[in-house]
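As structure tokens, the structure follows; a few thoughts come after it.
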Amino acid sequence: MKRRDILKELTLLPLAGGVIASMDAFGEGTEKIGSHKKAAAAVTVGGPLKPGPQIYQSIGVEPIINCRGTFTIIGASIELPEVREAMEYACQFNVQIDELAFGVGQRLADITGAEWGMVSSGCAAGMNEVTAGIIAGGNPEKLIRIPNLEGFEKTEVIIPRTSRNVYDHAIRNIGVKIITVETLEELAGAINPRTAMIYMMPGGDPWTVENVAKIAKPKNVPILVDAAAERLTIPNIHLKAGASVVAYSGGKVLRGPQCAGLLLGDKDVLMSAWQASAPHHGPCRNNKLGREEMVGMLAAVEAWAVRDHKAEMKSWVSSLDVIVKKMAGIPSVEAVVKEPAEGALDNATPTLTITWDPTKLNITGQEVADELQTTKPRVAVGTGFRRGAPSASPTPTTSITIAAYMMGPGNNKIVADRVHEILTRKRSAPKEAAQMKAAAADISGRWEVSIDFYTSQSKHTFFIERQEGNWLLGTHKGEFATRELLGNIDGDEVRFQSRYSIPGDNVVMTFYGKLNGDTITGEIDMVEYVTAKFTAKRSAFPANRQRINIPAGRPLST
């Protein structure tokens with residue numbers, strides 16, 4: 001799965017309320033750790049921090065077995081033993097940070113064949129620093145003015161539409177103007193004296209690094225390639241294709257420090273980027289990097305260069321085979337391991353898909369995933385569902401997916417036992433979905449909405465344009481945009497959902513609350529942005545009626 005595909009998956013959420021799972025159906029033998037509203041946090045009352053295997057539990061936080069992938073929100077990868085050892089020694093001594101950066105930069109160049117290397121405090125931080133370094137050109141007088149770019153020669157960054165994503169905030173934060181292009185022809189036409197660089201995610205034809213380099217190189221426009229979740233290639237495939245700098249995340253397949261990134265490429269560009277970053281004062285001082293992370297990232301690359309990757313891939317497949325064997329004999333269940341294609345780079349891992357007929361086991365993949373996530377020991381898995389189609393198979397199927405590369409030793413046996421227990425548990429067929437209660441009122445019209453965030457309040461408006469029984473359709477006017485609003489009313493319980501999308505960003509707001517007369521009060525789920533509270537009051541239109549007269553001619557006075 002490519003990084004851009006993961007981004008799509010994270011933003012393609014169901015409209016009109018989504019799915020709320022019931023915790024009551026969970027079987028014995030597992031411990032519940034939260035209600036629907038609080039399951040994501042899974043925090044119980046803790047005590048003093050106690051270093052050791054139960055370090056998270058000591059403060060009331062339950063860890064997760066990662067069968068999902070290198071997502072930052074669940075801690076990404078587990079650091080390699082070599083990385084932890086290097087960091088432990090590095091933290092015991094002081095060192096001049098510039099000298100360390102130059103030593104690490106040269107060693108990274110020696111290992112990878114790149115001209116130079118740099119460690120940043122994450123891939124996005126590296127993108128931020130490269131942008132600042134390029135537009136300032138190593139000039140401190142310019143660095144300290146960022147993001148005020150008045151008087152700068154280079155103030156624009158070109159990004160292909162297919163590469164716009166939430167991470168390009170790291171580039172926008174420098175104050176540059178983003179020029180989005182749809183085609184290679186548009187790219188060629190967009191390059192001008194103000195163009196600082198081109199940022200892109202590597203993709204298929206036509207948006208390959210090689211194709212972009214053919215246009216950019218003759219015009220001396222540097223190319224920054226975001227390869228955050230990719231496997232590191234030596235010699236580097238993107239630099240070879242013409243990239244100026246390629247950026248990786250340290251906490252993904254490299255299994256280095258989670259708060260570190262790896263930059264490889266043009267030495268002049270990377271020296272300018274380093275100058276823009278901490279420990280120096282300027283626009284990227286907030287991206288401070290410790291000596292431990294710098295040494296730990298180097299240790300991860302050292303280990304990567306000598307690791308037997310084929311043997312590692314085989315071990316991952318073998319780990320999944322344990323789960324496959326455990327699934328044998330369960331009615332309608334199929335367990336298939338898919339290995340990544342030869343040469344695959346992005347999130348390349350063997351993946352196990354466990355598929356079954358939900359009408360036979362009376363449970364869906366989403367329900368299995370919910371139980372695995374919200375009961376101990378916690379497990380993060382992916383899900384899927386396919387409706388039966390006469391042209392293919394009339395039988396609907398549901399599934400969970402298990403990625404191998406971030407599971408720890410013995411995790412596969414725990415996961416196999418947990419999934420087997422859930423799928424073989426006796427359960428009665430689900431009752432037909434309960435009919436919604438009759439709507440408590442017709443709520444069509446205009447509603448003024450007050451939203452309480454943690455430290456601010458925002459005024460929005462709902463226009464409920466149509467109510468058909470329980471179903472609602474309208475528009476949601478926020479502070480900066482108006483978007484479609486879908487929802488339903490079940491008795492006095494009201495749910496709305498809207499999606500605010502702009503290039504590179506997507507905000508989904510799910511409102512759920514209770515109707516009381518002309519007021520709706522409740523909460524807002526905003527996915528990664530946690531929650532907020534809202535109050536909506538019906539607007540009363542003026543009762544007086546006034547006839548509108550058409551002027552007889554042009555005004556004789558004003």
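- Within the 3.5 Å criterion, the main-chain N or O of D205 finds no donor-acceptor partner in the side chain of N211.
- Expressed to the nearest 0.5 Å, how far CG of L264 lies from OG1 of T233 amounts to 9.0 Å.
- Counting non-hydrogen atoms of other residues, nucleotides and ligands closer than 6.0 Å to CD1 of I73 gives a total of 12 or fewer.
- Using a 4.5 Å heavy-atom cutoff, the side chains of M526 and F453 are in contact.
- Other residues, nucleotides and ligands contribute only 12 or fewer heavy atoms inside 6.0 Å of the OH atom of Y56.
- A donor-acceptor contact under 3.5 angstrom links the side chains of T510 and Q497, judged on distance only.
- Nearest heavy-atom pair, K360 versus S332, reported as atom, atom and distance to 0.1 Å: CD-CB, 3.9 Å.
- Residues W207 and L184 approach most closely at CZ3-CD2, 3.5 Å, considering heavy atoms.
- Remark: the S501 side chain and the R483 side chain contain no N/O donor-acceptor pair separated by less than 3.5 Å.
- Shown here for D226 and P202, the closest heavy-atom pair between the two residues is O-CD, 3.2 Å.
- A 4.5 Å side-chain heavy-atom check between V225 and V245 finds every atom pair outside the cut-off.
- Residues I74 and R68 form a side-chain contact, since some pair of their non-hydrogen atoms from C-beta on lies under 4.5 Å apart.
- Looking only at side-chain heavy atoms (C-beta outward), L345 and I237 come within less than 4.5 Å of each other.
- Nearest heavy-atom pair, M406 versus I78, reported as atom, atom and distance to 0.1 Å: SD-N, 4.3 Å.
- A donor-acceptor pair is defined here as one N or O able to donate and one able to accept, closer than 3.5 Å; no such pair exists between the side chain of D492 and the backbone of A440.
- Relative ring orientation between Y405 and W316 is described as perpendicular, the plane-to-plane angle rising above 60° on a 0-90° scale split at 30° and 60°.
- Note: C67 SG to N411 CG = 6.5 Å, rounded to the nearest 0.5 Å.
- With sequence neighbours left out, the ring pair (Phe, Tyr, Trp, His ring centres under 6.0 Å) criterion links H420 to no other residue.
- Among pairs with a residue in residues 303-330, those fulfilling salt bridge (charged side-chain N to carboxylate O under 4.0 Å, His left out) read R307-E312, K326-D417, at least two apart in sequence or across chains.
- When side chains are defined from C-beta on, L486 does not count as touching L472, because their heavy atoms never get closer than 4.5 Å.
- Defined by atom type and a distance below 3.5 Å, a donor-acceptor pair is present between the side-chain atoms of N128 and N287.
- Ion pairing between a basic and an acidic side chain is recognised when a charged N comes within 4.0 Å of a carboxylate O; K533 and D452 show no such pairing.
- Taken from CG in L262 to SG in C123, the straight-line distance is 9.0 Å, to the nearest 0.5 Å.
- The pair E182-R161 meets the salt-bridge criterion, since a charged nitrogen lies less than 4.0 angstrom from a carboxylate oxygen.
- You'll find the side chain of V324 reaches within 4.5 Å of the side chain of V337, heavy atoms only.
- P503 and R172 get closest at one heavy-atom pair: O-NH2, 4.2 Å.
- Residue I64 places its CD1 atom among more than 12 non-hydrogen atoms of other residues, nucleotides or ligands, all under 6.0 Å distant.
- Checking R164 against T180 by side-chain atom types alone, a donor-acceptor pair falls below 3.5 Å.
- Looking at W471, its side chain never comes within 3.5 Å of a backbone N or O of G487 through a donor-acceptor pair.
- For E82 and R84, the salt-bridge test fails: no basic side-chain N is under 4.0 Å from an acidic carboxylate O.
- Panel note: side chain R378, backbone Q373; a donor-acceptor pair is recorded below 3.5 Å.
- Between Y512 and E523, the closest side-chain pair of non-hydrogen atoms falls below 4.5 Å.
- Distance alone, capped at 3.5 Å, is enough to place a donor-acceptor pair between the T374 side chain and the D370 backbone.
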Between M509 and V507, is a side-chain contact (heavy atoms from CB on, under 4.5 Å) present by the stated rule, with each step listed? CA-CA 7 Å; M509 303 179 80; V507 176; 4.0 Å; yes

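- Looking only at distances, a side-chain donor or acceptor of T398 sits under 3.5 Å from a matching main-chain atom of G365.
- Taking CH2 of W356 as the start and OG1 of T364 as the end, the distance is 7.0 Å to the nearest 0.5 Å.
- Taking the six-membered ring where the residue is Trp, the centroids of H476 and F511 are separated by under 6.0 Å.
- Salt bridge status for E493 with K514: present, with a side-chain N to carboxylate O gap under 4.0 Å.
- Checked by atom type and distance alone, the side chain of T353 never pairs as donor or acceptor with a backbone atom of V336 at under 3.5 Å.
- When only modelled atom types and interatomic distance are considered, N165 and Y199 share a side-chain donor-acceptor pair under 3.5 Å.
- Taking the side chain as every heavy atom from C-beta outward, N347 and V253 never approach each other to under 4.5 Å.
- Going from atom CZ of R231 over to atom OG1 of T349 covers 9.0 Å, rounded to the nearest 0.5 Å.
- Heavy-atom minimum distance, P257 versus M87: CG-SD, 3.8 Å.
- Remark: H169 engages no residue in a ring pair (Phe, Tyr, Trp, His ring centres under 6.0 Å) (not counting sequence neighbours).
- Under a 3.5 Å cut-off, the side chain of N362 and the backbone N or O of R427 do form a donor-acceptor pair.
- Here CE of M313 is found 9.5 Å from NE2 of H309. Values are rounded to the nearest 0.5 Å.
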Check step by step if side-chain contact (heavy atoms from CB on, under 4.5 Å) holds for L187 and I198. CA-CA 9 Å; L187 171 65; I198 297 167; 3.8 Å; yes

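- At least one donor-acceptor pair under 3.5 Å links the side chain of S58 to the backbone N or O of I55.
- Between the side chain of E334 and the backbone N or O of T355, no donor-acceptor pair lies under 3.5 Å.
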Carefully, step by step, assess E484 and T475 under the rule side-chain contact (heavy atoms from CB on, under 4.5 Å). CA-CA 5 Å; E484 185 179 63; T475 54; 5.8 Å; no

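- For E465, the CD atom counts as densely surrounded, since its 6.0 Å shell holds more than 12 non-hydrogen atoms of other residues, nucleotides or ligands.
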Worked check of side-chain contact (heavy atoms from CB on, under 4.5 Å) between V333 and L361: CA-CA 9 Å; V333 168; L361 300 188; 3.9 Å; yes

